[in-house]
Amino acid sequence: MDVSAAEHAVTSRHLRRVWALPGTVLGRSRWPAAVDQRLHWHWNYWWQAHLLDTLVDAQLRAPSSGRFALIRSFVRSVRLRNFGKWTNDYYDDIAWLGLALQRVSALGIDVGPALAAIDTQLLSGWTSAAGGGIWWRRGDDFKNAPANGPAAIFHARSGNLSQAREMTAWLTSTLVDPASGLVWDGIRADTGELVKHIFTYCQGVYLGACLELSLVDDAARTVRAVAEHLAPGGVIRGQGGGDGGLFAAILARYLALAARALPGPEAATARSLVLTSAEACWSGAATGLVFSAEWARPAPWPLPEDAPERDMSVQVGGWMLLEAAATLS
């Protein structure tokens, strides 16, 4: 596996200026890009957050002044494309950007105002409805793992451990299936209805929150549940294109952290899941390192017009997985 080649493949296909302005860069959400994607009209805020996070992975792996400048331009471009703001109405989206910006800050790039704005909005989303938790988006009646998981990690990393503990405890008591150990999607606050869809990234963000808070037993249970239910043949299963193109890679990111942090046999399980998935992803890539939306099978080539592999989410997901695997070598 050559993670540097993966980085080059994804960035060369997807990174472009915003509105042709010098000193700007964001990822085009599809390749080849239609007119609206070339204009970054449909720019997928939270996909950009994961692209930024993966650029940070690469910078930590192989620091370069060029990539450092690229990351700084990328951060400025997010605010530009978001019309001068750092946040939007989706608490999960802003939590993802917050996590990426925390890591950007650790590189020495000043993002203090952005982190403050994100922190304020995340804190404002907490209510007692459905027993606690923050909303999926403002004005909605749904509370879910995709918002509360990354927000809990964000709060833990920013030093607000009491908020992180409260959010993680809410996730454990409300959304963890006591039978399987998997994390359900969410709960409708107006009716109390549990939405029991199982998504790989819900497991990842819950695992990440548990790791930040040293909740070893909860983290280990999650790793075991993922291995039993969500990784046939040891390869994390995919969930299509669009937003789903990032789900498995988010889980892989936190499994890699678990592999280095957990004290018991689950560390080896987490390591195996990441490395086996990475080998499958790499070996199944098509010409030009186009990664498959389902790592257990090769990417189609030539790509059909409607192939999920054309989505930036799928390609960033493959690269993210390989960066996670590189931390375990």
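Nothing here was measured: the structure is a model prediction, and the numbers come from that model.
- Closest of all the heavy-atom pairs between Gly288 and Ala9 is O-CB, 3.6 Å.
- By the 4.5 Å heavy-atom criterion applied to side chains, Trp319 and Val3 are counted as neighbours.
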Legend entry - Audit row: Phe74, Gln48, side chain to side chain contact (heavy atoms under 4.5 Å, CB included) steps and yes/no: CA-CA 9 Å; Phe74 195 106; Gln48 306 291 340; 3.4 Å; yes

Inset, instruction - Assess whether side chain to side chain contact (heavy atoms under 4.5 Å, CB included) is satisfied between Leu80 and Trp19, documenting all intermediate values. - result: CA-CA 10 Å; Leu80 172 69; Trp19 306 324; 3.9 Å; yes

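- Of all heavy-atom pairs spanning Asp57 and Arg253, the tightest one is OD2-NH2, 2.8 Å.
- Checking side-chain atoms of Ser272 against main-chain N and O of Thr269 turns up no donor-acceptor pair under 3.5 Å.
- Between the side chain of Thr200 and the backbone N or O of Leu230, no donor-acceptor pair lies under 3.5 Å.
- Follow the hydrophobic side-chain contacts under 4.5 Å out from Leu39 and you never reach Leu21; the two are in separate clusters.
- Closest non-hydrogen pair, Cys210 versus Asp218, comes out as SG-CB, 3.6 Å.
- A salt bridge links Asp53 with Arg103: the closest approach of a Lys/Arg side-chain nitrogen to an acidic carboxylate oxygen falls below 4.0 angstrom.
- Between Cys202 and Tyr206, the closest side-chain pair of non-hydrogen atoms is not below 4.5 Å.
- Not a single donor-acceptor pair under 3.5 Å links the side chain of Trp47 to the backbone N or O of Val316.
- Note on Val314 and Val10: separate hydrophobic clusters, where clusters join Ile, Leu, Val, Met, Phe, Trp and Tyr whose side-chain heavy atoms are under 4.5 Å apart, directly or indirectly.
- A tilted orientation is assigned to the rings of Phe199 and His197, their planes being inclined by 30° to 60°.
- No donor-acceptor pair under 3.5 Å is formed between the side chain of Lys196 and the backbone N or O of Asp177.
- Thr174 places no side-chain N or O within 3.5 Å of a backbone atom of Leu171 that could act as its donor or acceptor partner.
- For Arg138 and Asp89, the salt-bridge test passes: some basic side-chain N is under 4.0 Å from an acidic carboxylate O.
- Of the possible polar contacts, none joining the Glu166 side chain to the Gln163 backbone as a donor-acceptor pair under 3.5 Å is found.
- Within the 4.5 Å cutoff, no side-chain heavy atoms of Ile236 are placed close to those of Phe247.
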Legend entry - Stepwise side chain to side chain contact (heavy atoms under 4.5 Å, CB included) test for Phe68 and Ile71: CA-CA 5 Å; Phe68 183 88; Ile71 290 169; 5.8 Å; no

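- Of the inter-residue distances, the one linking Leu321 atom CG with Leu275 atom CG reads 9.0 Å to the nearest 0.5 angstrom.
- Remark: the backbone N or O of Ser77 is not paired with any side-chain donor or acceptor of Thr24 at under 3.5 angstrom.
- The line from CD of Gln315 to CZ of Arg13 is 5.0 Å long, rounded to the nearest 0.5 Å.
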Inset, instruction - Begin with the C-alpha distance, continue with both residues' side-chain angles, and end with the deciding distance and a verdict on side chain to side chain contact (heavy atoms under 4.5 Å, CB included) for Trp31 and Leu303. - result: CA-CA 10 Å; Trp31 173 81; Leu303 288 178; 4.0 Å; yes

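- Residues Tyr90 and Tyr201 do not share a hydrophobic cluster, clusters being chains of Ile/Leu/Val/Met/Phe/Trp/Tyr side chains in contact below 4.5 Å.
- Phe154 contributes atom CZ, which lies 12.0 Å from atom CD of Glu212 (distance to the nearest 0.5 angstrom).
- A tilted orientation is assigned to the rings of Trp282 and Phe291, their planes being inclined by 30° to 60°.
- No option in Leu213, Thr172, Ile134, Ile153 other than Ile134 meets the side chain to side chain contact (heavy atoms under 4.5 Å, CB included) test with Met167.
- Atom NZ in Lys143 sits 9.0 Å away from atom CD1 in Ile187 (nearest 0.5 Å).
- Remark: Asp217 CG is loosely packed, at most 12 non-hydrogen atoms of other residues, nucleotides or ligands lying under 6.0 Å away.
- Panel note: side chain His40, backbone Arg17; a donor-acceptor pair is recorded below 3.5 Å.
- Of the possible polar contacts, one joining the Ser158 side chain to the His155 backbone as a donor-acceptor pair under 3.5 Å is found.
- A continuous path of Ile, Leu, Val, Met, Phe, Trp and Tyr side chains, each step under 4.5 Å between heavy atoms, connects Trp184 with Tyr91, placing both in one hydrophobic cluster.
- In this structure the side chain of Thr120 never reaches within 4.5 angstrom of the side chain of Thr87, judged on heavy atoms.
- Judged purely by distance below 3.5 Å, without hydrogens or angles, the side chains of Arg297 and Ser292 pair a donor atom with an acceptor atom.
- Here the closest non-hydrogen pair linking Ser12 and Arg16 is O-NH1, 2.9 Å.
- Side chains of Thr127 and Trp135 form a contact here, defined as non-hydrogen atoms less than 4.5 Å apart.
- The local environment of CH2 in Trp41 is sparse, with at most 12 non-hydrogen atoms from other residues, nucleotides or ligands closer than 6.0 Å.
- Scanning both residues, Ala145 and Leu175, for their nearest heavy atoms gives N-CD1, 3.7 Å.
- Residue Leu26 holds its CG atom at 6.5 Å from CH2 of Trp43, rounded to the nearest 0.5 Å.
- When only modelled atom types and interatomic distance are considered, Asp243 and Trp46 share a side-chain donor-acceptor pair under 3.5 Å.
- Glu294 places a side-chain N or O within donor-acceptor distance of the main-chain N or O of Gly238, the cut-off being under 3.5 Å.
- Atoms CH2 and CD1, on Trp96 and Ile94 in that order, are 13.0 Å from each other to the nearest 0.5 Å.
- Side-chain contact between Arg221 and Val176 is present, with at least one heavy-atom pair separated by less than 4.5 Å.
- Taking the side chain as every heavy atom from C-beta outward, Thr11 and Leu55 approach each other to under 4.5 Å.
- Under the 4.5 Å side-chain heavy-atom criterion for ILVMFWY residues, no single connected hydrophobic cluster contains both Trp170 and Leu215.
- Inspection of the Arg61 and Ser4 side chains reveals an N or O donor paired with an N or O acceptor under 3.5 Å.
- Considering every non-hydrogen atom in both Ala225 and Leu182, the closest pair reads CB-CD2, 3.6 Å.
- At least one side-chain heavy atom of Leu123 sits less than 4.5 Å from a side-chain heavy atom of Asp119.
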